[in-house]
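So the structure is just underneath, and the comments pick up after that.
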Amino acid sequence: NAGVTQTPKFQVLKTGQSMTLQCAQDMNHEYMSWYRQDPGMGLRLIHYSVGAGITDQGEVPNGYNVSRSTTEDFPLRLLSAAPSQTSVYFCASSSDRVPGNEQFFGPGTRLTVL
Amino acid sequence: GQSLEQPSEVTAVEGAIVQINCTYQTSGFYGLSWYQQHDGGAPTFLSYNGLDGLEETGRFSSFLSRSDSYGYLLLQELQMKDSASYFCAVGSWGGKLIFGQGTELSVKP
């Protein structure tokens, strides 16, 4: 099992560009989430999904879109990148079947917006 | 809304015991989790309390009091490799997890 994978690992964008951060999991988890982490800060929830076709907003959803067409994939789209979106982005998955609802995190995508 | 408070940093020496406290305000509370994150890495799960009381996993223990909206992580026999950031997080339905801002633990020789 690969667990949770994210691509790309690093990305530099110019202000106004759009891009999609990819996230996939092979554990058949029903729940998936996207977080951003700024230096010295905790993780802030952007969007989350409780199953294919169902998504909801987290703490900081503005400027980001998500969709969940399959159980495995949960891409995060930046519509028009801004310097304030410079951050490390983590995708995570979890399941009611896992004790403690442990969240499994991907390695992260380090995004810089110039 | 939901909010969590934990100390920003803690310093301790090797072999000692350290306690990291977490207070929270939330609705739809399912449980309190703890995660560890080393510099540049992904967070990893340490412990979960769904009910009041103490949970023990090796050198790490976690405690929850729902009536006090309070929990803590206890690390015993500290090792240099325990130097990391520690996050408490409140969980609710649908795998939704809200994190505190983290406590940076420095373990000194």
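Letters go in sequence order (proteins before strands), and every chain restarts at 1.
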message = Can you see whether A:S87 engages A:D38 through a side-chain donor-acceptor pair at a distance of less than 3.5 angstrom?
response = yes

inquiry  = Shorter than 4.5 Å, heavy atoms on both sides: which option in B:S47, B:A42, B:G94 has the most such pairs with chain A?
reply    = B:G94

query = Hey, are B:K96 and A:D56 close enough for a salt bridge, meaning a charged N less than 4.0 Å from a carboxylate O?
reply = no

request  = List the steps, then state whether side-chain contact (heavy atoms from CB on, under 4.5 Å) holds for B:L78 with B:V18.
outcome  = CA-CA 8 Å; B:L78 280 174; B:V18 72; 3.9 Å; yes

remark   = If one checks every heavy atom of A:L43 against chain B at 4.5 Å, the contacting part turns out to be both

ask   = Which answer fits A:Q103, side chain, backbone, both or neither, if we ask what part of it has an atom under 4.5 Å from a heavy atom of chain B?
value = both

query = Are B:Q36 and B:Y86 close enough that a side-chain donor and a side-chain acceptor fall under 3.5 Å?
reply = yes

ask   = Quick one: what part of B:Y35 sits under 4.5 Å from any heavy atom of chain A, side chain, backbone, both or neither?
value = side chain

ask   = Any donor-acceptor pair under 3.5 Å linking the side chain of B:S83 with the backbone of B:V107?
value = yes

request  = Name the region of B:Y48, side chain, backbone, both or neither, that has any atom closer than 4.5 Å to a heavy atom of chain A.
outcome  = side chain

message = Checking the side chain of A:T70 only, and the main-chain atoms of A:D73 only, is there a donor and an acceptor separated by less than 3.5 Å?
response = yes

ask   = Do B:Y24 and B:F29 have their ring centres less than 6.0 Å from each other?
value = yes

key: Contact class of B:Q37 relative to chain A, heavy atoms under 4.5 angstrom   = side chain

query = What parts of residues 14-35 of chain A touch chain B if we use heavy atoms and a cut-off under 4.5 Å?
reply = A:Y31, A:S33, A:Y35

query = Just checking, is any N or O donor in the side chain of B:Y30 or A:N101 under 3.5 Å from an acceptor N or O on the other one?
reply = no

message = Ignoring hydrogens and geometry beyond distance, is a side-chain donor-acceptor pair present between A:R110 and A:Y89 at under 3.5 Å?
response = no

